[in-house]
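See below for the structure under consideration.
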There are 4 protein chains.
Amino acid sequence: MSLPRSGPVRSELARLAILRATVALLTERGYDHLSIEGIAARAGVGKQTIYRWWPSKGAVIAECLLEGMLLTERLRPPDTGDIRQDLTTWLDRVFALLGSAEGEGMLRSLIAAAAEHAEVGLRLRDSLSGSDSISGRLKRAVGTVPNLPEGAPVDEVADALIGAVILRALSRTAIEPGDVDRLLEAVLGR
Amino acid sequence: MSLPRSGPVRSELARLAILRATVALLTERGYDHLSIEGIAARAGVGKQTIYRWWPSKGAVIAECLLEGMLLTERLRPPDTGDIRQDLTTWLDRVFALLGSAEGEGMLRSLIAAAAEHAEVGLRLRDSLSGSDSISGRLKRAVGTVPNLPEGAPVDEVADALIGAVILRALSRTAIEPGDVDRLLEAVLGR
Amino acid sequence: MSLPRSGPVRSELARLAILRATVALLTERGYDHLSIEGIAARAGVGKQTIYRWWPSKGAVIAECLLEGMLLTERLRPPDTGDIRQDLTTWLDRVFALLGSAEGEGMLRSLIAAAAEHAEVGLRLRDSLSGSDSISGRLKRAVGTVPNLPEGAPVDEVADALIGAVILRALSRTAIEPGDVDRLLEAVLGR
Amino acid sequence: MSLPRSGPVRSELARLAILRATVALLTERGYDHLSIEGIAARAGVGKQTIYRWWPSKGAVIAECLLEGMLLTERLRPPDTGDIRQDLTTWLDRVFALLGSAEGEGMLRSLIAAAAEHAEVGLRLRDSLSGSDSISGRLKRAVGTVPNLPEGAPVDEVADALIGAVILRALSRTAIEPGDVDRLLEAVLGR
DNA sequence: TATTAATCGAGACGGTACGTCAGGTCTTACA
DNA sequence: TGTAAGACCTGACGTACCGTCTCGATTAATA
């Protein structure tokens, strides 16, 4: 019972070119300088090809996020069994990223995009705090640290950790030695 | 022994009109529909009068924040002595605000503004998590809940709490009964 | 073997609307009150559509001139065979035009435009003094009046006549009876 | 012997500074880039001091003209007794001026100013064609050339000559050898 | 195999807003 | 009171993008 269709089919090349151009421009110039026209030009694509498939630039970014083109594999926490050690490693990586010009811009761009487009917000939280990432890691650590006793609200703890990082990014406060430890102490207990 | 002042002087009327128009438009239409031109028109002011004193619309918002025109007194947590009760009250209020159309828009607008303008980020964190607000309240509660023993990193706990709320706002997840309790459990312990 | 043409095409409607709006505004308000923004608004057109095709408002005016929308057919001198009679008729018409509010404004507007934009200057001289107009008429009169003997520099005589009219327009001197006769005597001889 | 420095009397220093600044800017940047603000800044004067004494920038220019600060002595025709020779010399000088970047700009600036401000128009015609200049010179040549018989309308002949030069300036046509001769032939006869 | 219809690159269109320049008015502090 | 300075509202500048709408060419399924 499908409608009769003819004609060519969505071009995967165009789709990828668009996503890649979006990532590149987001990295280079930030969310507020990101324009559909810019993406189209960089991707060598007509504007209509973007508007045909995405309702807004937020949706394009959300798809980049979904394809893992924005937050890389590196942002998944390791799992050595020692949660404090793992999160230390992970936070060091995250803060190092935030310390770099492009990483900082990228995260803030994503936050700006999330503030404007519901879908980006959802995906962003999923990518960072969701069960594939911090939340999942914390779940496996239940019972090994004071603040994660049996039955602890793991998702909320994950949100709190990620949220603290985001707040930090928004306030542009320089990261100093001991910050990671204190943050982990706040979240996991001593 | 007075400072030598010469030439005409900045118009306080214009300044206030601009800040008020900014607050009004931010509330009504959100950050991404906020335009300098719109502020000027609403305030009955020339655009140049805005550009003369503020470098960007972010700076205008930061000044609104600084003047307490955006986050009201109501967002300061009560202090009855019982931290869990107080934060429950406060979170209920915050989530109620987030549940309303204008409150949600306002917070997300502020986040968007913070993502684009360093100063807004700083002020926002100060207003929400700073020692006048959550952080200060937590400080007085040290020793009364499991996760706030003597010497606990209070500022980081405050960041975690506020951060969780922000993450929640970004993801537009509906607030459900029990969420407040679980979040407090995550932050303060059982 | 045809030229490959692709993409959308210039809108003739928009072009005409712009030229007509320009003529109307130039007539109503004069050159110095003529603005691109005003033309766009009156024509119901985006500003960019003007800037896309013309480099300056002078160029728009030049195109109006070229299309004969500013200096009408009426400004071509008649040809009855009697040059003095024909130019008298023509100068009467021109001075009558200059005497009217809108005619005077129009010519001075054109002069102002010519002073600022080379192309308008060229077209203006062509329209008034060129071989389709005064110069052509004079050419046919060679040998019939004292100052136009065989081999006389007809183009220069035309320039002198038109130039005198322009100087007159610039100085806003009221036209008085006998002025036309004296001017023709100066140019054609007694 | 003391200069009036300030107080309730018009400052001649300020007046001159304004006129000089006007001449300088008109020469450097042309009429359409001439601004009251620019004049005030260059003259080291408050804007109000200009507005207090002149109704428009045209009036300032007219006063410059009146003071002989714009059209120099050099533009008065010589008088050797031979009108054709004298006007050849004079036209050579004028066309040389028009050939130079600044001279051409200056004349066109004056024309633009004349088109917008009646007073400039009057003064301009006076300066160029008036009895102190071309018209006077022609008057003394009556009877020495074919087109200037006894009783010839000298003022109109002067207007025609000056007008031809102005038309030439407006059309930006390059001056070529023989042009001067042809123009003089047109005006004075062979 | 020819027809048909959706896709593509391109880019013109009516708009909104940008950040800047200047206009002309008004106010302040000084001489 | 005249002046230098400069803030104020207004309005126009020329530019960047928005999202919509053709255009002509290309391409795959349908007839």
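Numbered from 1 within each chain, the chains take letters A, B, ... in sequence-line order.
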Taking atom [atom2] of [N] as reference, at what distance in whole Å does atom [atom1] of [X] sit?
X: B:L16; N: F:dA7; atom1: CG; atom2: P; answer: 18 Å
X: D:I50; N: F:dG2; atom1: CD1; atom2: C1'; answer: 15 Å
X: A:I18; N: E:dG9; atom1: CD1; atom2: C1'; answer: 11 Å
X: A:I39; N: F:dA16; atom1: CD1; atom2: P; answer: 18 Å
X: B:L13; N: F:dA7; atom1: CG; atom2: C1'; answer: 13 Å
X: D:D32; N: F:dA12; atom1: CG; atom2: P; answer: 17 Å

Rounded to the nearest 0.5 Å, what separates atom OG in A:S109 from atom NE2 in A:H33?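 Answer rounded to 0.5 Å: 10.5 Å.
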
Rounded distance [0.5 Å steps], CZ in B:R172 versus CZ in A:R125: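 It is 12.5 Å, given to the nearest 0.5 Å.
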
State, yes or no, whether a side-chain contact exists between B:R15 and B:W53 at a heavy-atom distance under 4.5 Å.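 Not in contact.
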
Phosphate contact ([N] OP1 or OP2) by [X] side-chain N/O below 4.0 Å:
X: A:S11; N: E:dT7; result: no
X: A:R10; N: E:dA6; result: no
X: B:T49; N: F:dA7; result: no
X: B:W53; N: F:dG6; result: no

Without swapping roles, check the side chain of D:R29 against the backbone of D:L34 for a donor-acceptor pair under 3.5 Å.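 Not confirmed, D:R29 side chain does not pair with D:L34 backbone.
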
Would you tabulate the side-chain donor-acceptor contacts of residues 43-50 of chain D under 3.5 Å, counting partners in other chains and residues two or more places apart, or write 'none'?
from: D:K47; atom 1: NZ; to: D:E37; atom 2: OE2; distance (Å): 2.9

Report, one line per pair, each donor and acceptor closer than 3.5 Å where one atom sits in a side chain of residues 17-27 of chain B; sequence neighbours left out.
from: B:T22; atom 1: OG1; to: B:I18; atom 2: O; distance (Å): 2.7
from: B:T27; atom 1: OG1; to: B:V23; atom 2: O; distance (Å): 2.7

For DNA chain F, the residues among residues 110-121 of chain B that have a non-hydrogen atom under 4.0 Å from it: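 Heavy-atom cutoff 4.0 Å gives no residues at all.
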
The side chain of A:R52 lies closest to which of these nucleotides: E:dG11, F:dC9, E:dC8?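 Shortest atom-to-atom distance from the side chain points to E:dC8.
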
Go along nucleotides 19-25 of chain E 5' to 3' and tag each nucleotide: B for a protein heavy atom under 4.0 Å from its base, S when only backbone or sugar atoms are that close, - otherwise. BBBSBBB

Set of residues satisfying side chain to side chain donor-acceptor pair (under 3.5 Å) with respect to C:E102, sequence neighbours excluded: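 Result, side chain to side chain donor-acceptor pair (under 3.5 Å) vs C:E102: none returned.
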
For B:S56, all residues meeting side chain to side chain donor-acceptor pair (under 3.5 Å), sequence neighbours excluded: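 Testing B:S56 for side chain to side chain donor-acceptor pair (under 3.5 Å), a comparison that skips the adjacent residues, returns B:H117.
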
How far apart are the closest heavy atoms of B:M106 and B:L70, and which atoms are they?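 For B:M106 and B:L70, the tightest heavy-atom pair comes out as CE-CD2, 3.6 Å.
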
